[in-house]
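Before any comments, here is the structure.
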Amino acid sequence: MSRTSRRTHRCGELRAEYVGQRVRLGGWVHRRRDLGGIVFIDLRDRAGIVQVAVGPSAPEDVRRAAAGLSGETVVELEGEVVARPGNMRNPELATGEVEVHPSKLVVVGPAVTPAIPVARGKGEELPAEELRLKYRHLDLRRSEMQANLILRHRLLQRARRTLAELEFLEIETPILTKPTPEGARDYVVPSRVHPGEFYALPQSPQIYKQLLMVAGFDRYFQIARCFRDEDLRNDRQPEFTQIDLEASFIGVEDVLGFVEAVLVALWDEAGQRVARPFPRITWREAMERYGTDKPDLRYELAIADWTAQVGPLGVPFFDSALKNGARVRGLAVKGGAALSRKDVDQLAETAKQLGGSGLAWVKRQGEQISGSVGKHFTAAALGALGVGDGDVALLAVGPDRLTSPVLDRVRREVIRRLGAKPTAAHAFAWVVDFPLFEPDPESGKPVFAHHPFTSPHPDDLAGGKLDSDPFACRALHYDAVYNGNELGSGSIRIIDPAVQRRIFALLGLAPADAEARFGFLLHGLQAGAPPHGGFAIGFDRVVMLLADAGSLRDVIAFPKTTAARALFEGAPAPANPADLRALHIKVER
RNA sequence: GGGGCUGUAGCUCAGCUGGUUAGAGUGCCGGUCUGUCACACCGGAGGUCGCGGGUUCGAGCCCCGUCAGCCCCGCCA
């Protein structure tokens, strides 16, 4: 299959069974070792590396060409595959049993000295990320990057096949869409034909896929590119890929089943066997026990409420906060006495940076009890908290909105620093029963925790909580979590236009505004909408985890920097004045 | 928008308390070498110490600003 009109094999494919065959190869000069009378060339393509040997018996022109080759030059050659003598095999190379003796060798793509190395010495650091992005064509030649993108390809094919087998239809939706008032900032595209009007790039195909359900397509999926103009992170790019799906005549169980099928298939494609069904945890329990909605369940360490036990001890650190009705929550860390004073201080510093009052700690070693609040504790008091000999208690006080992020971070740090061994390699979980609303940090008013098309929990809707106690109202929303990473989220959607209008109203949207912004969805719902719901898997993140890559940038061919620039092609760039005029745009600086 | 780290040869890095001519490895150029596989050995070239300003007799090093990359908070319905 790798055969073309110009070559017979890929370099990295050759094995002992090819010995004696004449082959034609094309590839890049990875390294050259010139011993004078004999020259060895490591020739590289996407399949790997093979050694080419040009000795004294090679034709004169081949020897001359081989002597002049520089790194990263593209050559084509024709020659014989020869078995290497026993003591000259290279077990570190897949092709190490053989080498190629060329009778023809031609430079077809001369290369200037590469700005960053492709062949890297053992133990040599990667070039600066800035340079890797700027010279992406070179960085992408490295076997690690090739492996990542090849894995990405296989995962994409597997996702498609899995969903197609489940009778999902792959349907494309527009890239030029309508700006949305809620959610992330839109990337905006000016209209030439309609002065002053703009398209937006989709943050997700959400409304389109719901309309596809209204249209009766039943099961839809798409490998969808999505765009959000927000600040970036190590695991967030402005442009990213979702495995987006939606299905009709379903309930929560059906959607979770479909998504599990896809995730299990993806992990299988990467050689990882994982079990279904995934365990479930409510949002409330996740926040209570782990301080986060994406807990890493590979580790048992959990947050406990120690208000009742610690309150009466009269510890000054806690007292003033406790008067205001806050809680004391903490982690009883088995073997935590191994944490040094410096470790604990750094944890406390991290806690402070997250805006809490910091971190108190008590260490128990034999009869000795030490720590920032150690003198207030007895062995019995610690025992009641589950803190035994050799353990440490880490405590935070305050409102949950402060102690949860602190203890989440501290928990992850402690696990890392103690090198705790996980109870499982793969901890998938569903986080369910998310709240429908959360308070706006400034006004305290209800704002949507997810998107405004998520159905309220039917029990809470029937109980009238939507009006009486919106913050207690649960959503039919679910997140897939894996080893502390959010893989994606989904929900059952609202299909009753009246409920949808009430939700818009609760959001503070006047009926006329709701009509202007979401009229096309409301009209769809009025036209006979089947019960439906769906999910979106953050595909880049999945690839990053399965490739064991450190950053999303390592699994995207041409990613953006943290400032949303593309260093390779140099985007964004100023538009030329004539284009701007045609688009009716005046730029202010 | 806020905080932190980094920026010295093509690349990866070192550079002491502010003190003479800024170093190493690798790559590059030239040479020797018939079994290497990060070949070895000999020789050589290569620097706007990110950029701008300041302090100082003197700045790669200290101060201010700025740019870029990375990490975190906010943000990401």
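Naming: A, B, ... by sequence-line order, numbering from 1 per chain.
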**Message:** In whole Å, measure the gap between the C1' atoms of B/A40 and B/U26 for me.
**Reply:** 15 Å

**Asked** Rounded to the nearest Å, what distance is computed from the CG atom of residue A/L131 to the C1' atom of nucleotide B/A9?
**Response** 14 Å

**Prompt:** Considering only heavy atoms and no angle criterion, is a donor-acceptor pair shorter than 3.5 Å present between the side chain of A/E99 and the base of B/G35?
**Reply:** yes

**Item:** Nearest to side-chain heavy atoms of A/R31, which nucleotide of B/A38, B/C28, B/G35
**Value:** B/A38

**Asked** Is any N or O donor-acceptor pair between the side chain of A/R236 and the base of B/C76 shorter than 3.5 Å?
**Response** yes

**Message:** Pairing check on B/G25: which nucleotide meets the Watson-Crick or G-U wobble criteria with it, both distances under 3.5 Å?
**Reply:** B/C11

**Message:** Could you tell me how far B/C39 sits from B/C33 if I compare only their C1' atoms? Round to whole Å.
**Reply:** 10 Å

**Prompt:** Can the ring centres of A/F539 and A/F240 be said to be less than 6.0 Å apart?
**Reply:** no

**Message:** Please report the distance separating the P of B/G18 from the corresponding atom of B/G52, rounded so that it comes out in whole Å.
**Reply:** 23 Å

**Prompt:** Going by modelled atom types, is there a donor-acceptor pair between the base of B/C11 and the side chain of A/R132 at under 3.5 Å?
**Reply:** no

**Prompt:** With a 4.0 Å cut-off on heavy atoms, is A/I49 in touch with a base, just the backbone sugar-phosphate, or nothing at all?
**Reply:** nothing

**A/N87 (side chain) and B/G35 (base): donor-acceptor pair under 3.5 Å** = no

**Asked** Taking the side chain as C-beta and beyond, is there a heavy-atom pair between A/Y135 and A/P114 under 4.5 Å?
**Response** no

**Message:** What's the gap between B/C76 and B/U8 when it is taken at their P atoms, as a whole Å value?
**Reply:** 36 Å

**Complete:** Atom CG of A/L232 and atom C1' of B/C76 are separated, to the nearest Å, by 10 Å

**Prompt:** A/Q206 or A/L567: which one's nearest nucleotide on RNA chain B is closer to the 5' end?
**Reply:** A/L567

**Prompt:** C1' atom, B/C29 versus B/G10: distance in rounded Å?
**Reply:** 13 Å

**Prompt:** Are A/F558 and A/F568 an aromatic pair by the rule of ring centers under 6.0 Å?
**Reply:** yes

**Prompt:** For A/L126, which contact category applies under a 4.0 Å heavy-atom criterion: base, sugar-phosphate, or nothing?
**Reply:** sugar-phosphate

**Message:** Students often get this wrong, so: under 4.0 angstrom with heavy atoms, is A/P127 touching a base, only sugar-phosphate, or nothing?
**Reply:** sugar-phosphate

**Prompt:** Looking for any heavy atom pair under 4.0 Å, which part of the strands does A/D229 touch: base, sugar-phosphate only, or nothing?
**Reply:** nothing

**Message:** Tell me whether the side-chain N/O atoms of A/R33 come closer than 4.0 Å to OP1 or OP2 in B/U36.
**Reply:** no

**Interatomic distance, A/R409 CZ vs B/G4 C1' [rounded to whole Å]** = 12 Å

**Fill in**
Separation of B/U36 atom C1' from A/R89 atom CZ, nearest Å, is 16 Å

**Message:** So if I take every side-chain heavy atom of A/L35 and compare against B/C11, B/U34, B/C71, which nucleotide ends up nearest?
**Reply:** B/U34

**Message:** Let's test this: given Watson-Crick or G-U wobble pairing with both distances under 3.5 Å, identify the partner of B/A68.
**Reply:** B/U6

**Message:** At less than 3.5 Å, do the side-chain atoms of A/R553 and the base atoms of B/C70 form a donor-acceptor pair?
**Reply:** no

**Message:** Which heavy atom of A/I303 sits nearest to which heavy atom of A/G291, and what is that distance?
**Reply:** CD1-N, 3.5 Å

**Request:** Whole angstrom is fine here: how far is it from CD in A/E230 over to C1' in B/C72?
**Result:** 16 Å

**Asked** Looking across every strand, which nucleic acid part, if any, lies under 4.0 Å from A/A119 by heavy atom: base, sugar-phosphate, or nothing?
**Response** nothing

**Asked** For B/G46, which nucleotide in any strand shown is its Watson-Crick or wobble partner with both distances under 3.5 Å?
**Response** none

**Asked** So, A/D42 side chain and A/R31 main chain: donor-acceptor pair closer than 3.5 Å or not?
**Response** no

**Message:** Say we look at B/A68 and B/G43: how far apart would their P atoms be, to the nearest angstrom?
**Reply:** 44 Å

**Prompt:** Who does B/A40 pair with, Watson-Crick or G-U, both distances under 3.5 Å?
**Reply:** B/U32

**Request:** Assign A/N90 to base, sugar-phosphate, or nothing according to its heavy-atom contacts below 4.0 angstrom with the strands shown.
**Result:** base

**Message:** Counting the atoms with a prime plus P, OP1 and OP2 as sugar-phosphate, which does A/P452 contact under 4.0 Å by heavy atoms, base, sugar-phosphate, or nothing?
**Reply:** base

**Request:** Using only heavy-atom distances, decide whether a donor-acceptor pair under 3.5 angstrom links the side-chain of A/R120 to the base of B/G27.
**Result:** no

**Request:** Locate the shortest heavy-atom distance separating A/I495 from A/A529; write the atom from each residue and the value.
**Result:** CD1-O, 3.7 Å

**Message:** So, OP1 or OP2 of B/G69: does either fall under 4.0 Å of a side-chain N or O from A/T562?
**Reply:** no

**Message:** Need to verify one output field. Residue with the more 5' nearest nucleotide on RNA chain B, A/P114 or A/R84?
**Reply:** A/P114

**Request:** Pick the P atom in B/C71 and in B/G35, then give their distance to the nearest Å.
**Result:** 48 Å

**Message:** Taking the C1' atom in each of B/G15 and B/U21, what is the distance between them to the nearest angstrom?
**Reply:** 15 Å

**Prompt:** What nucleic acid atoms does A/S204 come within less than 4.0 Å of, heavy atoms only: base, sugar-phosphate, or nothing?
**Reply:** base

**Asked** Do A/W430 and A/Y482 have ring centroids that are under 6.0 Å from one another?
**Response** no

**Request:** Please work out if A/A53 contacts a base, only the sugar-phosphate, or nothing of the nucleic acid, heavy-atom cut-off 4.0 Å.
**Result:** nothing

**Complete:** Taken to the nearest whole Å, CG/A/D42 to P/B/A38 is 8 Å

**Rounded distance (Å) that lies between atom P of B/U36 and atom CG of A/L69** = 21 Å

**Message:** Quick check on B/C73: is either OP1 or OP2 less than 4.0 Å from any side-chain nitrogen or oxygen of A/R233?
**Reply:** yes

**Request:** Test A/E230 against A/R236 for salt bridge (Lys or Arg N to Asp or Glu O under 4.0 Å), laying out the working first.
**Result:** CA-CA 9 Å; A/E230 294 292 346; A/R236 260 164 38 192; over 6 Å; no

**Request:** Could you check whether A/F40 gets within reach of a base, just the sugar-phosphate, or nothing at all, counting any heavy atom under 4.0 Å?
**Result:** base

**Prompt:** Which atoms form the tightest heavy-atom contact between A/E246 and A/F535, and what is the distance?
**Reply:** OE1-N, 4.4 Å

**Request:** Figure out the CD/P separation between A/E125 and B/U6, and round it to whole Å.
**Result:** 16 Å

